[in-house]
Amino acid sequence: MDLSFSAEDIAFRDDVRAFLRDELPAELAAKVRHHKLLDKADYERWHAMLQARSWLAGTWPKAFGGAEWNAVQRHIFEEECAMANAPRIIPFGLNMLAPVLMAFGSKEQQDYYLPRILDGSDWWCQGYSEPEAGSDLASLRTTAVREGDHYIVNGQKTWTTLGQFANKIFCLVRTDASVKPQAGISFLLIDMDTPGIDIRPIVLIDGTPEVNEIFFTDVKVPAENLVGAENQGWTMAKYLLTHERTNIAGVGFAAAGLAELKRIAATERSGGRPLAENPHFAARMARVEMDLMAMATTNMRVVAAAAAGAAPGVESSMLKVKGTLIRQAINDLTRRAVGPWAMAFPSEAVEGSNLPHPGPDYAASAAPVYLNYRKISIYGGSNEIQRGIIAKTMLGL
Amino acid sequence: MDLSFSAEDIAFRDDVRAFLRDELPAELAAKVRHHKLLDKADYERWHAMLQARSWLAGTWPKAFGGAEWNAVQRHIFEEECAMANAPRIIPFGLNMLAPVLMAFGSKEQQDYYLPRILDGSDWWCQGYSEPEAGSDLASLRTTAVREGDHYIVNGQKTWTTLGQFANKIFCLVRTDASVKPQAGISFLLIDMDTPGIDIRPIVLIDGTPEVNEIFFTDVKVPAENLVGAENQGWTMAKYLLTHERTNIAGVGFAAAGLAELKRIAATERSGGRPLAENPHFAARMARVEMDLMAMATTNMRVVAAAAAGAAPGVESSMLKVKGTLIRQAINDLTRRAVGPWAMAFPSEAVEGSNLPHPGPDYAASAAPVYLNYRKISIYGGSNEIQRGIIAKTMLGL
Amino acid sequence: MDFSLTEERRMLADSLRGTLKRGADWAQLSDLGVQGALFTEAEGGFGGSGFDIAVVFEELGRAGSTEPVLEAGLAGGLLADCGEAALVEAVIDGSLRPVFAHDEPGNRYDTDLRCTATDGRLSGAKTVVIGAEGAGLLVVSARSSGGLSLFAVDPGAEGVSLRSVPSLSGGYASEITFDKAPARLIGPEGGAQPLIDQRIAAATLALCADALGAMETVREMTLDYLRTRKQFGRPIGSFQALQHRMADVVIEIEQARSAVINLAGHLHAAPAVRDRHVSATKNVVGRTASLVAEESIQLHGGIAMTEDYALAPFARRLIAVDHRFGDEDWHMERFIALGASA
Amino acid sequence: MDFSLTEERRMLADSLRGTLKRGADWAQLSDLGVQGALFTEAEGGFGGSGFDIAVVFEELGRAGSTEPVLEAGLAGGLLADCGEAALVEAVIDGSLRPVFAHDEPGNRYDTDLRCTATDGRLSGAKTVVIGAEGAGLLVVSARSSGGLSLFAVDPGAEGVSLRSVPSLSGGYASEITFDKAPARLIGPEGGAQPLIDQRIAAATLALCADALGAMETVREMTLDYLRTRKQFGRPIGSFQALQHRMADVVIEIEQARSAVINLAGHLHAAPAVRDRHVSATKNVVGRTASLVAEESIQLHGGIAMTEDYALAPFARRLIAVDHRFGDEDWHMERFIALGASA
C-alpha cells in the first residue's frame, strides 16, 4: 500500500496547478465559485485555453489528438480543476459522443466530427431522456423511420442540458418497434438547424434555464448520420454508461464546496461567535468532512484499479450514491450557514428576476444551488437505480 | 381542541398514581428500572395486587369481570405504570387470548378460562410464529389432524415469550392444507403438560432466557379446545392484531427510559462536566425528547379517536414504527451514556455468567437492553411489514 | 381531551379551503375573516387562540398562498398589544396591511438590535423583511432611551427606503433603511420585548401550521405521482423501496401535525413552557419540512426539478421554514437551555 | 499510488485467515507471527507499519477471534518504547502476554489519571482492562514525581487484585486495584505521554481494522441470509426495500475500509496529523459498525436475536467498537479541535 502519488503524477499535478494559477481567468473562477450562470462564450473560452495546452481531450487516445491520460492523471486534472473553481468541461461532445464515435463510428465520422469537437466548431447536446423514459430509458419512443437515404425522426427529448448552446445533438431513437425495447434502438447524429426541430427551455426549481425539451416533427436526417449499425444503439449507450463515467464521486467539487462552506461558517456569526465555532454546526461540518476523507480514498482506490487496467464495476454505483449524498450534504449545510439570507431569492424562477441579492457575496447562490443540486441524485441513473445495481450484484438474485 | 384530560380522567390518573406510589413494591420497581430479570413469582405477585384492585382486567367488559376502561383510561393506566417502573402485565392471557375467547369462544370456554386468567391459575403463552413463518405468518406448518374427539398436533413453534412459566399455550395450527394458506388455519388451546410437548429455551443476544422453542410430537388435544370453528383461526389472529394492539407506541416506556437516561447523563462526567452538558450529547437527547413530545400527541390523537369509537387504522402501523425507533434511540443513547462501562457484560450469553457488574448501578443493563430491544422493530409485525401496510393504505395500489 | 376542531373552526377551514382553491387575494381573504380569526374578541376579532391560528395557516399553506397574512397578523398583534384599536380594526377588515420590521443585517437568528429612535426619529437597517413590499404601515423595533420599544413608521415617509427582491417562499423580502425617519412610539416605552416574544411565538406557530398544510399538499402530489407515473411497465409506487420511503415521510408528517398541536395548545402558557414548545415544534417541523421537500423531489424524479410542475413552489416554501424565526439548531439549543433551567 | 497489499502481507493474511478458520489459539497465532507483524525489525519483529497492523486485525476481526492480540500488542509496543528488548522478544515469540492497564474508573474516555507510584510502590485503580485475565505482565500508567510514567507490575504480586467479568466483545474485562504493589519504572520517568499517544493510535487502528473484518463477515452472513431465507414464497433478498438498505450498508462498509486505509497510511505522521486521522477514522468506523450491527439484525429478523446464530458475537463486537478508545462524539470533538488549531 502506498497512499502517495508517484513522482510523475506529482509533476503532472504541479503542471496542472501552475496552469490553473497562471491561466484560469479570475473572473471565470469567481463566477464558478459563486455559482453564477456561465454563458456560451465563457465555456468556449475555457475549452480553447485547454485545447491550446492540449488538455481538452486529456482522455482521448493520442491517435485522435488526445493526451491519453491514465485514470490517475485524469483524476488529478479533474480534482485540481474543481478545487480551483475552473469552469466544467462540457462533456457531451468530448466525453460522451467522442468515445462512441471512436469505438463504433465510421472512419468518415471520426475524421469529420472529432476535430470539430476539439476546435469548438460543434457544441453537442445529448438526446437520451424522454418524458416517459427516465429511469426506464429503454422505453423511449422517439422514432426514426428509414426513407431512402434519410431517416425521418419524430418524437420528443427532454432534460437536454445546455441544448440552447448546441448546434448538434446525438440521439437514441427507435428504429424497430417490433422487437424487445432494447433491441430496436439506434444512435443518430442530428443537426440542430434541420427543419422540424423545436427547442423549448425548461426552467428549473432554482430558476436556472439549464435544460430543454426538444421536439422533432418529421425531421429529415441523412442516413450516413447513423453511428454503427441500425438497432445497435443500446449497446453504445451502455458502453458509455459503464466505460466513460467520469468523476462520478465528485470529490473535487465536494472539496471546493466544503472549502467555501468553511469560509462562510467562519464569517457568519451566531450567538456572538463565528458560526464555525457553534458546536452543532461544527459537528455537522466535521461529519461531512470525515465522510469526504473516506470517500476520497474510496475514489482513489477505484482510480488506482482503473489505472491498473481493472474494469469499473459496482464501485461506480457506490461512488455515485455516496458522492451525491456528500455533495448534497455540503449544499445543505451551505444553505443553513447563510441563515436568513436564504430567504432572499432573486431568481428567474419567481417574477422580479435578477435584482441583486442583499446579503454578502456568498449568500445569493446558497439556496438556489441547494435546490438545483437535488438533481445529482436523480440524473445519470438515480440513486435508487444505483442501489438496485449494487444489491443485484451482491445478491446475485 | 382540548389537550387536557377531563376531570374524570384526571381523578382516575390520580387514583392510579396513588396506588403505584403506595402499593408498588419498591424492590419490584428497582428490578424493572434496572432491567433485571423478573421471575414468575414477581409477575404473579403484581398481577394479584392489580386483581385485588380490580385493575388487572381493566379493558375487559364488566360482564366478564373487567373494569371496562375506555381507550383514554387504558392509556393513562399503561403510561403511569410504565413511568413508575411497574412490572409489565403479561399480555398473553389477559389481552390476547381473552378478547378472542370473548368474541369467538364458547360459553363453556369463557366460563372456564377467563376466571383462571384473572386468579392466576393459568399462565398462557402464544404459539404463533414458526421457524419458517415469521413475517409470513400464514405459511405456518404445525398441523392438527382430527382423530375422533381429539386433534393430533405435530410441528414446532418458536419465539414463545416466557413459555417456561406457562401451563397453557394457544396455537395457530394448520387444519386444512388443501386450501390457500390463510383459509386452513385453526385456533387451538393446549395444555403444556400434555405428553409430546418439548420446550427448549432460546438464549438471546443479551443472554436473556426470554423466549423458547416448543416442539409438538403427536400431541393429543381434546377437540373441545378448538376456539370458534375449524379453519377460522386466521380471522381470530387478525382480529387480535387489529383490535387489541395495546400500548403500541410505548410512550410510557419511552418516557421512563428517557428519565433514566437523563439521570445517567447528569451523573456521568465527560471533559470535566456532566455528560448532559456536553453539547453533542445534549443535542442527541434533545432530538429524541422533541420527537417523543410529538409522538406522545400522535398517540393521544389515536387514543382519543378510539375512545370516541373510531376503529384503529393505519395509525397503529405509524405508531409501531415511530414508537420503536424512538425507544431504540433512547436505548442507544443509554448505551452511549455509560461509555466504557458497556464493555463489562456480565451476561449468561457469554461464559462466566452472573458476576456483578463493576460500574454504577445504572451501567449493567445499558448494553444488554440496547441489544435486547432491537427485537421491538422485528416482532409483532416488523417495521418493514408496517411500512408496507402504510404505503398500501396510502397508495391504494 | 378532544383533538377535533370546533364547529366554527371547521367551517372557517372549509370555506377558506374552497376560496383558496379558486386563488383568493388579500381582499377576499379579509372578507372571509382570515385576519379576524387571528385576534381575540377583546381585540376586535373572533379567535386568537393557538388553534385558531393553526387552522387558518394550515389552509394557507395547503393552498400555497403567498399573501402576507402571517406578517400582517404579527404586526397587527403588536398593534393590538400597544392599544392601537383603530389600526387593529383596519387590519381585521383588510383595509390596512402592516408589517413588523425587526431582524437586522448580520444578526442571523439572534436579535441584538442596533436600530435607534430618538426624539421621534428612527435610524438603522432592517433585513429580509417578508411582506414589506406594498405594506401600509411599518411596525419597527428599535432602542430608545427606555429600552426596546415599538414604533409606527409610514413606509412612504422621508428617510425610509426599501429595496425588495423575490423571497424563497413566494412574495418579496425587503431591505429597509431608516435615516432619521419620523417614527411614532406605540405601546410602553422600553416594554416591547415580552410583547415581541409572545407575538413571534404566535408567528412561529403560524409558520409551522403553514408548513404542515404545505406538507399535506406535497404528500398528496407525491402519492398521486407514485400512483400514476409508470416506469418499467408499472406504477413507480409499486416499487417497495419507494413505498417504504413514502411511508416514512407520511409518519413524519403526522409527527409534524402533533408538534403543531402541541404548540397551539401551549401558545398562551407561561413563557418558559411556551418557548420550550415553540422550540420543540419549530425544530421538529423544520426537520420534517426539509425531509418532505427532499424526499418528494427524489420520489418524483426529474419532473420535480422543474418550475412548471406544481411541486416547485411548495418545496421552496418548505425549505424556507428553516430560515425564519430560528433554524433547527438554534431552536434545539434553546430547547436544551430551557430544559436545563427548568 | 498503490492500494494493493505487498506479497508478504497478502501471504500473512492468507495464512492467518486459513488458520483462524480452524479456530487458532494464542500459541498458534504466535507461531504464525501475528505478534511479530506488529513490531518493526528494530524492535525484533518484521512489520510494525500501519498496513501491517491493518492486515492482521482485519483477519482477527473477520474470524471473530477473542484472543487478546490487540492488548498484547499495545502493551508490547510500550515495552519496546521503553527499551525492554527481552520482554518484547517474549511477546513476539508468544511466551509472554502483557496488558496495558491505563483507564481509570469514572474517567469515561478522558485520561485524568489518579494512580500514583512512589518508591517503587503503585497504588490506585484501573478499570475495564480488556485481556488482563491471565496476562503475564501488567504495564501500568501512573503519576510519579517526574510526571506520567510507565511501570511493570507482576499481576501475581502482593497488593494487586483483579476482578474479571465477561466483555461485550468477547474475552474478559477486569477491574484492577493496586495497593502499594511493587512496580518497576520502565522507560523515561515522566515521559510516558507521547509513547502512550502513539501506541493508543496504533491500537485504535487495530480496533478499526478488526471492526472492518467483522463487518465483512456480517455482510457475507447477511447476504447469504437474504439469498436463502424465504418468506411469502421468495427469498427475502428479492424485496426491493431490503435490497436498497443492504446496498447502503455495503456502501458504508467501503467507507469504513477507506477510513482504515487513511489511518494506516498516517499512523506515523506528525502527532496532529496522525490524531486527526485517528479521530476521523474512529468516528467513521464507529458509526458504520453500529449501522452494520443494527441493520444486519433488522435485515435478518428474529434469528439474529439469538445466541445460537453466529451473528450475535459479531454484532456485540461491532457495538463494542464505540466503547473503547473514545466514542463517536469524543473523536468528533477532537477532530474539530485539531482542525481549528490546524
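In what follows, every chain begins at residue 1, and chains take the letters A, B, ... in the order their sequences are listed.
For the pair A:Lys375 and A:Tyr373, the cation-pi criterion (under 6.0 Å, within 45° of the ring axis) is fulfilled.
Between C:Ser169 atom OG and A:Met343 atom CE the span is 3.5 Å, to the nearest 0.5 Å. Expressed to the nearest 0.5 Å, how far CD of A:Gln156 lies from OG1 of A:Thr142 amounts to 7.5 Å. We find the CG-NZ distance between C:Asn107 and C:Lys126 to be 8.5 Å, quoted to the nearest 0.5 Å.
In terms of heavy-atom pairs under 4.5 angstrom with chain A, the leader among C:Asp308, C:Asp103, C:Ile297 is C:Ile297. For the options A:Val211, A:Ile378, A:Asn383, heavy-atom pairs under 4.5 Å to chain C are most numerous at A:Ile378. Taking A:Leu275, A:Thr267, A:Thr158, A:Ile202 one by one and counting their heavy-atom pairs under 4.5 Å with chain C, the maximum is reached by A:Leu275. When each of C:Gly233, C:Ala173, C:Gly301 is scored by its heavy-atom pairs under 4.5 Å with chain A, the top score falls to C:Gly301.
For A:Arg284, the part sitting under 4.5 Å from any heavy atom of chain C is the side chain, from C-beta outward, and nothing else. With a threshold of 4.5 angstrom between heavy atoms, A:Ala138 does not approach chain C through any atom at all. Contacts between C:Ser164 and chain A at a heavy-atom distance below 4.5 Å involve the backbone alone (N, CA, C, O). When heavy atoms are compared at a cutoff of 4.5 Å, C:Ile236 does not approach chain A at all. Contacts of C:Ala320 with chain A are made by both backbone and side-chain atoms, with heavy-atom separations under 4.5 Å. With a threshold of 4.5 angstrom between heavy atoms, C:Ala293 does not approach chain A through any atom at all. Looking at A:Glu132, the atoms closer than 4.5 Å to chain C (heavy atoms on both sides) sit in the backbone and in the side chain alike. Within the 4.5 angstrom heavy-atom criterion, no atom of C:Leu311 approaches chain A. Contacts of A:Pro131 with chain C are made by backbone atoms alone, with heavy-atom separations under 4.5 Å and no side-chain atom involved. With a 4.5 angstrom heavy-atom cutoff, A:Ala283 does not touch chain C via any of its atoms.
A salt bridge links C:Arg324 with C:Glu71: the distance from a Lys NZ or Arg NE/NH1/NH2 to an Asp or Glu carboxylate oxygen falls below 4.0 Å. Contact check on A:Asp332 versus A:Arg335 returns a salt bridge, with a Lys/Arg side-chain nitrogen under 4.0 Å from an Asp/Glu carboxylate oxygen. The pair A:Arg141-A:Glu130 does not meet the salt-bridge criterion, since no charged nitrogen lies less than 4.0 angstrom from a carboxylate oxygen. A salt bridge links C:Glu328 with A:Arg336: the distance from a Lys NZ or Arg NE/NH1/NH2 to an Asp or Glu carboxylate oxygen falls below 4.0 Å.
The list of ring-ring contact (aromatic ring centres under 6.0 Å, His included) pairs with a residue in residues 319-340 of chain A, not counting sequence neighbours, is empty.
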